[in-house]
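Shown next, in structure tokens, is the structure this report addresses.
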Amino acid sequence: MIDHDNIRQMLGDDDPYVRRDACEAIGEARDCGFLQDLVRLLKDEHPGVKESALNALTSIGGKHVAEAMAPLLRLEDVALRNIGIEILQLIGPEAIETLAGLLKDKDDDVVKFAIDILASIGEAEAANTLAPLAEHRNPNVRASVAVCIGRLKAQGSAPTLLKILNDGEEWVRFSAIEGLGLLQDKSALAPLLGVMAGGSGLLKEAAIESLGRIASHSDASEVLVKLEEFVRFGGVISPNSIVRLLEKALSPGSSFRPSREFKEAYFSFLSSAMEDGEFDCKTTAIKGFGLLKMPEGIGNVLRFINSQKELSEETEALLVDAIVSMTGGGPIPEALKTEVLKGGKALKVIVGAFGELKSEEAVPILASLIGKAAKHELREVVTALESIGSPDSVDVLMKALKNPDGHTRKISARALGTLLGEDAVGPLFEALQKETYRDVLEEMTDTVAAIASESVKKGLCALLSSKREELREMGARGLGLVGDEEALRFLQEAAGDRSPNVRKMSYKSMARLGIPEAADSVVRGLKDENDDVKLSVLKALGGWTGELIKSALLESLRDRNLWVRYHAVALLGDMEDAGVEDAVIEVLKKDEAPVKAAAAKALEAIGSSRALPELKVFLNHPDAQVRAAVENAIERIGSNADFRDR
């Protein structure tokens, strides 16, 4: 309950913020006693007051607010009238009774506003109140009624729209056609086809759009057959509507079998649309070529590709689908063979289509591209060979493992692993033994590890005995990816390797196993003679917990290497264990600046209120990172302590 006298005084205050607060209070209380005051404040000079008044009226809502808004529709002030329209729309169904009354208003503009608001509210029951206006004296009102009824989608409204379809004004008939399309009532199919036979170009365009919306899969073929003559003799209509109908008529499972003449008529229509239309029109036509499954359209597609500066992934996918559909199960069209060997803009799309078609005929063509295609294109070539999956494509990929280009070897290894599984293990290990590039070694290792068979485990273990350091490292990497307890024993042995890189990978892989039995071996790496090994172990320990890990990290706080101490104290903070706060406070007090900053963050994470006096000592530390970390820690710990006290 609000104090009415106080609110009324606030509504007239000189301070706009006081007036705004009054509006907000009324809105929260949903009090209908100030409706006229709120309407008056919709004209306030201060935008905040106007917005608050609008929000309050919307919040109160209901029939009384709707009636208060109705007079605004008669105003010459466009801004205020639009506010009234917005509020009535937001009130929604509760405003329908008021709006129904406005449909009889003497001012035609008010009637039209009411119709448009009813359309936006979207309550089908309003359609009954609109039907009598189909014969309104004003054509703009009749046109609005037609579109509104369509948007409301009220059952039984088709007769009203069909009546308006015979209106004397072309613009009203256009709106009736639009409304029928929105209503999607099948009884409109025949009348709309009649418009196609005798209407103007504008009405025909609207009729085909609505036919595309209304026609079911079975209706679409009948509509297209009836439109065939119109299309053949150069009727100008949007390709979007035709392609929508073709999608329905030629969908999978459809019994419609179009004649050659039918296809040629629509192919010619779409070809003309490609020549004359903008980008969207061209891509729609290409989609239509795919639906017609006519290889003759491939030339149009290739010309389109070569005319573009670049293609989005979405457009590329559409083009691939169209080429696949036009090619079907038949031989590869010569146009595609010729174009792909040029290595131009169309190469990626054509190669993608070869893969989708799983065309064995394409394998020699794809093989010829290896060594010629650019890196991004080569990826598509290998993907296509993988998709085809024939013995010949496997042979091509096997040869690619020995290609002089490292990138080719890398992506071929990945494809063979996916395609052959266990059968790829031998060739991949053989390639590993000869490989020199690290990124290719890693890809091959990861590929065989993903197969995770017994032969893979044996092969990885064998690598640990290699004379080449990088192969021993890959053996350790792969065993960590295989991820079973049996691998732990071999990794423990590899952790004694003379190479720091092999030791780093061994500890990292043991940590990756994530099994309790590995913990003791992993923390042993914190005592390694090589600083890089210790740092690698610390990074691998992220997320590990337990007394063993905590003890090892506490010991690492005394390490000679600053960054080992830095990462150790950071990990202790991540553990949020109050039992380590004394050790972390000592680090804060005695260590170098980067480690001090890490210690302050760790104490913040732990929530150590005992550390507050020590933290305050460093508020004026010369290092900016230390100061920032200390300030954040004090603020966070202090606020948490205040919350607990409350």
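Excluded from the calculations below are hydrogen atoms, water molecules and symmetry mates; all remaining heavy atoms, backbone and side chain alike, are included. Quick caveat, the model's predicted, so the values are computed rather than measured. Note that the numbering runs from 1 along the sequence shown for the chain.
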Intermediate values then yes/no, salt bridge (Lys or Arg N to Asp or Glu O under 4.0 Å), Glu339 and Lys342
CA-CA 5 Å; Glu339 191 71 27; Lys342 290 180 183 177; 3.6 Å; yes
Taking it one step at a time, do Glu334 and Lys337 satisfy salt bridge (Lys or Arg N to Asp or Glu O under 4.0 Å)?
CA-CA 5 Å; Glu334 288 300 320; Lys337 294 179 183 179; 3.4 Å; yes
side-chain hydrogen bond (donor to acceptor under 3.5 Å, both in side chains) for Glu469 and Ser499? Distances and angles first, verdict last.
CA-CA 7 Å; Glu469 173 188 323; Ser499 164; 3.0 Å; yes
Can Ile411 and Arg414 be said to form a side-chain contact (heavy atoms from CB on, under 4.5 Å), step by step?
CA-CA 5 Å; Ile411 61 176; Arg414 187 189 311 153; 4.1 Å; yes
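Crowding of Lys153 atom NZ: a count of heavy atoms from other residues, nucleotides or ligands under 6.0 Å exceeding 12. With a 6.0 Å radius and a threshold of 12 heavy atoms from other residues, nucleotides or ligands, Lys248 has its NZ atom above the threshold. Heavy atoms of other residues, nucleotides or ligands lying less than 6.0 angstrom from NZ of Lys287 number 12 at most. Heavy atoms of other residues, nucleotides or ligands lying less than 6.0 angstrom from CZ of Arg151 number 12 at most. Counting non-hydrogen atoms of other residues, nucleotides and ligands closer than 6.0 Å to NZ of Lys163 gives a total of 12 or fewer.
By the ring pair (Phe, Tyr, Trp, His ring centres under 6.0 Å) test, Phe279 pairs with Phe304, sequence neighbours left out. Every residue meeting the salt bridge (charged side-chain N to carboxylate O under 4.0 Å, His left out) condition with Glu430, not counting sequence neighbours, appears here in chain and number order: Lys434.
For the salt bridge (charged side-chain N to carboxylate O under 4.0 Å, His left out) test with Glu435, the passing option among Arg409, Lys402, Arg468 is Arg409; the others fail.
Side-chain contact annotation: Ser187 with Asp185, donor-acceptor N/O pair under 3.5 Å present.
Salt-bridge formation is detected for the pair Lys410/Asp439: a Lys NZ or Arg NE/NH1/NH2 atom is positioned less than 4.0 Å from an Asp or Glu carboxylate oxygen. In summary, Arg244 and Glu209 engage in a salt bridge, as defined by a charged side-chain N under 4.0 Å from a carboxylate O. Using a 4.0 Å cut-off between a side-chain N of Lys or Arg and a carboxylate O of Asp or Glu, Arg438 and Glu473 qualify as a salt bridge.
Aromatic ring orientation, Phe289 versus Phe267: tilted (interplanar angle from 30° to 60°). Taking the six-membered ring for Trp and thresholds of 30 and 60 degrees, Phe262 and Tyr266 have ring planes inclined between 30 and 60 degrees apart.
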Under 3.5 Å, which donor-acceptor pairs do the side chains of residues 312-325 form with other protein atoms, sequence neighbours left out?
unit_1: Ser312; atom_1: OG; unit_2: Thr315; atom_2: N; d: 3.1
unit_1: Ser312; atom_1: OG; unit_2: Thr315; atom_2: OG1; d: 3.0
unit_1: Glu316; atom_1: OE1; unit_2: Lys348; atom_2: NZ; d: 3.3
unit_1: Ser325; atom_1: OG; unit_2: Gly290; atom_2: O; d: 2.4
unit_1: Ser325; atom_1: OG; unit_2: Lys293; atom_2: NZ; d: 3.3

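What you find for Ser455 and Val425 is that their closest heavy atoms are OG-CG1, 3.8 Å.
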